[in-house]
A.B. asks: 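I have a structure here, written as structure tokens, and I will follow up with some questions on it.
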Amino acid sequence: MERVFKDDFWWGAATSGPQSEGRFNKKHANMFDYWYEIEPADFYDQVGPDVTSNFYNSFKEDIALMKEIGLNSVRTSIQWTRLMEDFEAGTVNEDAVRFYNEVIDTFLAAGIRPVMNLHHFDLPVELYHQYGGWESKHVVDLYVKFAEKCFELFGDRVKDWFTHNEPIVVVEGEYLHQFHYPKIIDGKKAVQVAYNLNLASAKAIQAFKRLGMAEQGGKIGIILNLTPTYPRSNSEEDLAAANLAELFNNRMFLDTAVHGEFPQELVDWLEKDGVLWESTPEELAIIKENTIDVLGVNFYHPNRVKAPDVAPNSVGAWLPNRYFDEYNLPGRRMNIDRGWEIYPKALYDIAINIRDNYNNIPWFVSENGMGISGEERFMDEAGVVQDDYRIDFIREHLEWLHQGIEEGSNCFGYHLWTPIDCWSWANAYKNRYGFISTNIHTQIKTIKKSGHWFKQLAQTNKLESK
């Protein structure tokens, strides 16, 4: 069976500044730069962000490789810690301006649409140490200064902007589950951080409008990792657990981004438990009036939950997951290397949810991918990774996505994570995701089998069933 995508469909891939550029010529440290400085043993093989995939030095060659595999769009990010010279004064670093101008111009010369994100977990660490980072509304306003500079400097050529990538991960990693620095467990702070990230996004959109970016053909959105929630059963208890998980993990950002309001059920729950964020009517009006033009959706795995084993009204510190427990579906397909369930139909479920409950807003798959460890196992004599498993993974997800598009969901693109194997935070280079492999010792980059396969797909807009 042949599935045809529209001619202007985005075929691309996604990375980020902190995961690709390296720390070269960067005055300020972000949260991960600092975390690696103080706790390098927390990072796989103690590989840190100093070099990553060397994009700062090799972006011209890297973009040529991206063109070679047929990408027509690439998402990356502008690093707050690179661009800004002085966070408070809002002044910029001239070398950073030069660098990002050259990157953008090189993408455009290659016929690749540059898609720019503004915050990819990379808060300047000094703003955390000085103000508490995203706990502070002053930091929200400093972020808006940074966003304004990006729009002013690059908005003549970049027309696709996103405020945050996966803001719920900042909430979870830094304030609930200890997988990102500062590894705090504090449910009330987590809730305030979630609110402040929503406010920051809305204020950046407000600045985007004020600076006339839309009149120049620009659009702005947010990138959310939507993990559809599936209850263990249709029991009242499991359905209630799934509903609260969906409210906290997905709707806390999705509803505000598209509808401009937090779900009332979420507000009531947090208020009842005494952990609701501090807000003002003026801030809520900004959130209401500054919704997104476009949505990016990152999808890797479903979220299966069941009623909690321990009663939610037990005594102890408040955390949202006291109301739901993870559920492992018997017989599930897994990417065992990464520990994630493979469930491509969820992408169809996302497509229909956006169609039916979120104004059928224009959206694209901003990340999807398969991280495999020890990919040298699959390298042939010529040094090419024969990653048929990745091709099959992409094909299955695109089949379900196409069905959602056929049924009216307004999806306009698909981006794999990632174009070139990049540094994955504390996971470093343990799992590889790219169309193009990176030798982290030599920085030699080689197109994988999936890269050649994707080029054919991008050129024809036709997906052939296996």
Side-chain angles (χ1 to χ4, degrees), residues 14-20 30-36 42-44 49 75-77 79-80 117-125 127-128 133-135 139-140 143 162-187 189-201 221-229 245-257 295-303 305 319-321 324 326 338-340 346 350 365-369 371 415 417-418 422-428 430-431 433:
T15 187
S16 80
Q19 292 174 272
S20 64
N30 64 41
M31 299 288 273
F32 286 88
D33 298 330
Y34 178 77
W35 181 19
Y36 181 72
D42 281 0
F43 293 75
Y44 183 77
R75 172 171 69 95
T76 186
S77 68
Q79 290 197 69
W80 193 351
N117 175 43
L118 297 174
H119 169 235
H120 200 121
F121 314 158
D122 57 336
L123 174 80
V125 75
L127 299 185
Y128 175 74
W134 291 114
E135 300 163 38
V139 169
V140 168
Y143 163 79
F162 292 88
T163 58
H164 298 306
N165 175 81
E166 299 186 349
I168 190 64
V169 172
V170 177
V171 176
E172 293 176 331
E174 296 181 21
Y175 292 92
L176 294 175
H177 306 311
Q178 295 186 296
F179 58 84
H180 286 176
Y181 176 82
K183 298 186 284 186
I184 293 169
I185 301 177
D186 190 320
K189 282 186 177 180
V191 169
Q192 187 65 52
V193 165
Y195 173 83
N196 289 352
L197 286 164
N198 273 293
L199 179 62
S201 183
I222 194 169
I223 292 160
L224 303 178
N225 51 317
L226 298 184
T227 51
T229 311
E246 182 72 11
L247 281 169
F248 195 88
N249 294 330
N250 294 323
R251 293 186 60 193
M252 185 161 59
F253 286 97
L254 183 56
D255 282 42
T256 48
L295 175 67
V297 174
N298 295 353
F299 172 71
Y300 291 93
H301 57 82
N303 184 30
V305 300
L319 294 173
N321 58 342
F324 44 86
E326 183 180 347
R338 190 63 184 86
W340 285 346
I350 289 169
V365 179
S366 42
E367 287 180 28
N368 179 231
H415 278 197
W417 184 267
T418 183
C422 66
W423 182 77
S424 293
W425 315 113
N427 215 21
K430 179 181 180 183
N431 296 99
Y433 290 85

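Keep in mind the model is a prediction, meaning the values are calculated, not measured.
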A.B. asks: Checking the side chain of Asn196 only, and the main-chain atoms of Gly133 only, is there a donor and an acceptor separated by less than 3.5 Å?
C.D. replies: no
A.B. asks: OH/Tyr34 to OH/Tyr128 distance, rounded to the nearest 0.5 angstrom?
C.D. replies: 10.0 Å
A.B. asks: Report the residues that fulfil side chain to side chain contact (heavy atoms under 4.5 Å, CB included) with Thr418, sequence neighbours left out, ordered by chain and then residue number.
C.D. replies: Thr15, Cys422, Tyr433
A.B. asks: To check you understand the geometry: which heavy-atom pair defines the closest contact between His119 and Val170, and what is its length?
C.D. replies: CE1-CG2, 3.9 Å
A.B. asks: If every non-hydrogen atom of Ala245 is compared with every non-hydrogen atom of Val305, which pair is closest and at what distance?
C.D. replies: CB-CG1, 4.2 Å
A.B. asks: Once you round to the nearest 0.5 Å, how far does CE of Met31 lie from CD of Glu174?
C.D. replies: 4.0 Å
A.B. asks: Which pair of heavy atoms, one from Val169 and one from Phe121, lies closest together, and at what distance?
C.D. replies: CG1-CZ, 3.6 Å
A.B. asks: Please round to the nearest 0.5 Å and tell me the distance separating atom CG of Asn431 and atom OH of Tyr44.
C.D. replies: 8.5 Å
A.B. asks: Is the centre of the His120 ring less than 6.0 Å from the centre of the Phe32 ring?
C.D. replies: no
A.B. asks: Given 3.5 Å as the limit, does a donor-acceptor pair link the side chain of Ser366 with the main chain of Val297, or not?
C.D. replies: yes
A.B. asks: Specify the closest pair of heavy atoms between Phe248 and Leu176, including all atoms of both residues, with the distance to one decimal.
C.D. replies: CE2-CD1, 4.0 Å
A.B. asks: Do you know which two heavy atoms are closest between Leu226 and Asn250, and how far apart they sit?
C.D. replies: CA-OD1, 3.6 Å
A.B. asks: Are side-chain heavy atoms of Ser16 and Asp122 found at a separation under 4.5 Å?
C.D. replies: no
A.B. asks: Parallel, tilted or perpendicular: which one describes the rings of Trp340 and Tyr300, with boundaries at 30° and 60°?
C.D. replies: tilted
A.B. asks: Give a yes or no on whether the backbone of Phe299 and the side-chain of Asn368 come within a donor-acceptor separation of less than 3.5 Å.
C.D. replies: yes
A.B. asks: Counting only N and O atoms by type, is there a donor-acceptor contact under 3.5 Å from the side chain of Asn298 to the main-chain atoms of Glu367?
C.D. replies: yes
A.B. asks: Check whether any side-chain heavy atom of Leu127 sits under 4.5 Å from a side-chain heavy atom of Trp80, and report yes or no.
C.D. replies: yes
A.B. asks: Testing the basics here: between Trp423 and Pro18, what is the closest heavy-atom pair and its distance to 0.1 Å?
C.D. replies: CE3-O, 4.1 Å
A.B. asks: With a 6.0 Å cut-off on ring centres, are Phe179 and Trp425 close enough?
C.D. replies: no
A.B. asks: Hey, does Ile168 have a side-chain heavy atom less than 4.5 Å from the side chain of Leu224?
C.D. replies: no
A.B. asks: Could you tell me which residues satisfy ring pair (Phe, Tyr, Trp, His ring centres under 6.0 Å) with Phe253, sequence neighbours excluded, listed by chain and number?
C.D. replies: none
A.B. asks: With a 4.5 Å cut-off on side-chain heavy atoms, are Gln192 and Glu135 touching?
C.D. replies: no
A.B. asks: So, Ser201 side chain and Leu197 main chain: donor-acceptor pair closer than 3.5 Å or not?
C.D. replies: no
A.B. asks: If you round to the nearest 0.5 Å, how far is CD1 of Ile223 from CG of Leu295?
C.D. replies: 9.0 Å
A.B. asks: Is a donor on one side and an acceptor on the other found under 3.5 Å between the side chain of Asp33 and the backbone of Asn30?
C.D. replies: yes
A.B. asks: How many angstroms lie between atom CD1 of Ile222 and atom CD of Glu166, to the nearest 0.5 angstrom?
C.D. replies: 11.0 Å
